[in-house]
S.K.: 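Starting off with a structure, shown below.
Quick note on labels: first sequence line is chain A, next is B, and so on, each numbered from 1. Keep in mind the model is a prediction, meaning the values are calculated, not measured.
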Amino acid sequence: MRLSRGFLPTLKENPAEAQIASHRLMLRAGLIRQTAAGIYAWLPAGLRVLRNIAQIVREEQDAIGAQEVLMPTLQPAELWRRSGRYEAYGPEMLRLTDRHERDLLYGPTNEEMITDLFGQSVRSYRELPQVLYQIHWKFRDEVRPRFGVMRGREFLMKDAYSFDTDPEAAVATYRRMLLAYLRTFQRLGVAAIPMVADAGPIGGNHSHEFIILAPTGESGVFYDGGLEEQDWLSSEIDLADREALAGFFTRVTSLYAATDEKHDEAAWAEVPADRRREGRGIEVGHIFYFGTKYTESMGISVSGADGAPFHPEMGSYGIGVSRLAGAIIEASHDEAGIIWPDAVAPYKAAILNLKPGDAGCDALCERLYGASPDALLLDDRSERAGVKFNDADLMGHPWQVIVGPRGAAAGRVELKRRATGERVELSPEEALERIGLPAVGGPGGHAA
RNA sequence: CGGGGCGUGGCGCAGCCUGGUAGCGCGCGUGUUUUGGGUACACGAGGCCGCCGGUUCGAGUCCGGCCGCCCCGACCA
């Protein structure tokens, strides 16, 4: 995208309503704009971030055999009356009425709907297991929305639901999902630590929260540094092998991790001192296994091997996609602005043309930009260099390709890594290669 | 939902106490200048002062009501 043509409204001053870093930076970098309390519009760059996050989440869900669906945002109250939650859910649920006086609600979650959909179609244990997910907007009418997109009322969430024949199979599904989450967060470039959460109606330790470490986090966290060192992307775990899954689960859960509410001083004392990590964190995911709660209350059953009907075992698994956009910034920014992890950045790099109008600069910038116009942001505005540097730092592109008259004349550009501030001078081809983009095509070779 | 605060050009704010022609900085437009870290000058555009009602000769300013937004707490993907 050419910045001169893009809808990327950056703000020089801090909006009065934004208190925390991510909220401030998202507004200033032109990612979002507020429409009402806790409700935001996503501008082009923000939407790209959201999509990048969602795509990684999607790929990792698919990798464990989950299938994507898309359910409505509006649900009939009837569905929730069946599970008993229409009355149980508080004012956080946005209730509305259509022209025929039928009660509807804007979904705060989808257990009822998915369970109903499942029940309509699945008849036999032979069709199990099933894991279905969607990435969709939800609404919870929070009393007090805050922290921008991290605590909004409307939010984008990946929610998955699993159906299994028995508790053992359900636990295996749970463990696969845990692995998928670890891989997802690792790919997103953030440290998200799984912490034991409230066990729920089934008991046991099959409920985990995933917490991103950030100084402004809402809860205090304590964990074993060993959890940071794991490489889940390259560890081969046979998803069909329950023994292997159990081993993996033990590997994760044997390392201490807890939020302040569940912190256990005795267990903490057993963690080697040099591996004790203490800080604050933001919850970005939650997985839990809850058995037959909904299949039972909603009267959903399938035939077992013996011909007798039974209620499938369920779990549900959420990731706050829009919250992650904010949480990642909380975990990765500095005084100048956002520092995007490569995987979620709206643009891989910004090309800063320090002197538009200079034939050498223009030609070199166009050549670089032409290599991947979609992945790159070309700052071709007739602004002063300082403005471009500041905006690039603010928007947090992982790389900046700085093209000035002197360098252009020599066929050299300066490549700056946002995260480290490191700068190197090299050829345009080398710069693109470092960024991980295909080389410049077409005639010309080196710049004149 | 308890407590506190704020609504004035796009953004950040002053003006309100003590009523009398709506201001400042940034941004925006035009021109000149400048050209490696938010440059300088000149000219210019842009405002139902959140909304409704009241007091008054006169309301951004005083009074009442309403709406919206933010912060602290309780609650939460």
Side-chain angles (χ1 to χ4, degrees), chain A residues 9-20 23-24 27-28 30 33-40 53 57 89-93 107-111 134-160 181 192 197-198 207-212 218-219 259 261 281-288 316-327 335-337 352-358 361 379 381-394 400-408 412-414 416 421 423 425:
Chain A
T10 58
L11 263 29
K12 190 185 271 188
E13 292 182 82
N14 284 321
E17 75 266 21
Q19 297 300 311
I20 63 162
H23 190 192
R24 221 161 44 221
L27 289 165
R28 285 194 52 206
R33 285 295 182 263
Q34 181 168 356
T35 294
I39 300 177
Y40 293 85
I53 295 170
V57 169
Y89 222 97
E92 280 197 351
M93 177 150 72
T109 178
N110 281 60
E111 278 84 5
Q134 67 169 349
I135 298 174
H136 209 13
W137 294 93
K138 304 221 168 343
F139 194 92
R140 290 184 194 169
D141 199 359
E142 298 276 346
V143 205
R144 192 190 153 209
R146 67 186 117 168
F147 306 146
V149 114
M150 291 212 294
R151 187 69 185 284
R153 292 192 293 172
E154 188 180 45
F155 54 96
L156 187 63
M157 182 183 184
K158 185 283 298 182
D159 46 321
Y181 272 48
D198 275 325
S207 176
H208 285 86
E209 294 178 345
F210 287 78
I211 305 220
I212 282 193
E218 293 186 78
S219 41
T259 57
E261 299 139 13
I282 302 158
E283 186 185 347
V284 290
H286 198 165
I287 59 178
F288 49 100
S316 71
Y317 318 86
I319 290 181
V321 174
S322 50
R323 169 179 283 192
L324 260 167
E335 278 305 302
L352 308 190
N353 186 346
L354 295 193
K355 189 164 184 175
D358 176 276
C361 285
D379 194 342
R381 298 174 298 176
S382 55
E383 288 286 351
R384 213 187 142 90
V387 175
K388 300 188 179 188
F389 288 130
N390 283 320
D391 272 349
D393 285 347
L394 171 64
Q400 292 170 25
V401 185
I402 300 158
V403 180
R406 286 196 304 274
R412 309 289 284 175
V413 299
E414 193 172 299
K416 174 183 167 184
R423 298 154 173 275
E425 197 175 284

S.K.: Sequence neighbours excluded, which residues qualify as salt bridge (charged side-chain N to carboxylate O under 4.0 Å, His left out) partners of R381(A)?
M.R.: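 For R381(A) the salt bridge (charged side-chain N to carboxylate O under 4.0 Å, His left out) partners, ignoring immediate neighbours, are D379(A), D391(A).
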S.K.: Could you tell me which residues satisfy side chain to side chain donor-acceptor pair (under 3.5 Å) with D141(A), sequence neighbours excluded, listed by chain and number?
M.R.: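 For D141(A), the residues satisfying side chain to side chain donor-acceptor pair (under 3.5 Å) (neighbours in sequence not counted) are R153(A).
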S.K.: Check side chain to side chain donor-acceptor pair (under 3.5 Å) between T109(A) and all other residues, then give those that pass, not counting sequence neighbours.
M.R.: E111(A)
S.K.: Would you give a per-nucleotide map of nucleotides 41-47 of chain B, 5' to 3', where B means the base has a protein non-hydrogen atom under 4.0 Å away, S means only the sugar-phosphate does, and - means neither?
M.R.: -------
S.K.: E414(A): what forms a salt bridge (charged side-chain N to carboxylate O under 4.0 Å, His left out) with it, not counting sequence neighbours?
M.R.: R423(A)
S.K.: Restricting to side chain to side chain donor-acceptor pair (under 3.5 Å), what partner residues turn up for E154(A), sequence neighbours left out?
M.R.: none
S.K.: Could you pull out the protein-nucleic contacts involving nucleotides 8-11 of chain B (nitrogen or oxygen on both sides, under 3.5 Å)?
M.R.:
unit_1	atom_1	unit_2	atom_2	d
C11(B)	O2	E13(A)	OE2	3.4

S.K.: List every contact pair, protein side and nucleotides 75-77 of chain B side both N or O, where the distance is under 3.5 Å.
M.R.:
unit_1	atom_1	unit_2	atom_2	d
C75(B)	O2	R151(A)	NH2	3.0
C75(B)	N3	R151(A)	NH2	2.8
C75(B)	N4	R146(A)	NH2	2.9
C76(B)	O2	R151(A)	NE	3.0
C76(B)	N4	E218(A)	OE1	3.4
A77(B)	O3'	E283(A)	OE2	2.6
A77(B)	N6	G152(A)	N	3.4
A77(B)	N6	G152(A)	O	2.7

S.K.: Name all residues meeting the ring pair (Phe, Tyr, Trp, His ring centres under 6.0 Å) criterion together with F139(A); count only those two or more places apart in sequence or in a different chain, and write none if there are none.
M.R.: Y106(A)
S.K.: Can you figure out which of G36(B), G38(B), C70(B) approaches the side chain of R28(A) most closely?
M.R.: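 Given the options G36(B), G38(B), C70(B), the side chain of R28(A) is closest to G38(B).
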S.K.: For E142(A), what residues pass the salt bridge (charged side-chain N to carboxylate O under 4.0 Å, His left out) criterion, not counting sequence neighbours?
M.R.: R151(A)
S.K.: Could you work out, with ring pair (Phe, Tyr, Trp, His ring centres under 6.0 Å) as the rule, every residue matching F210(A), not counting sequence neighbours?
M.R.: Y181(A), F185(A)
S.K.: What residues form a salt bridge (charged side-chain N to carboxylate O under 4.0 Å, His left out) with K416(A), not counting sequence neighbours?
M.R.: D393(A)
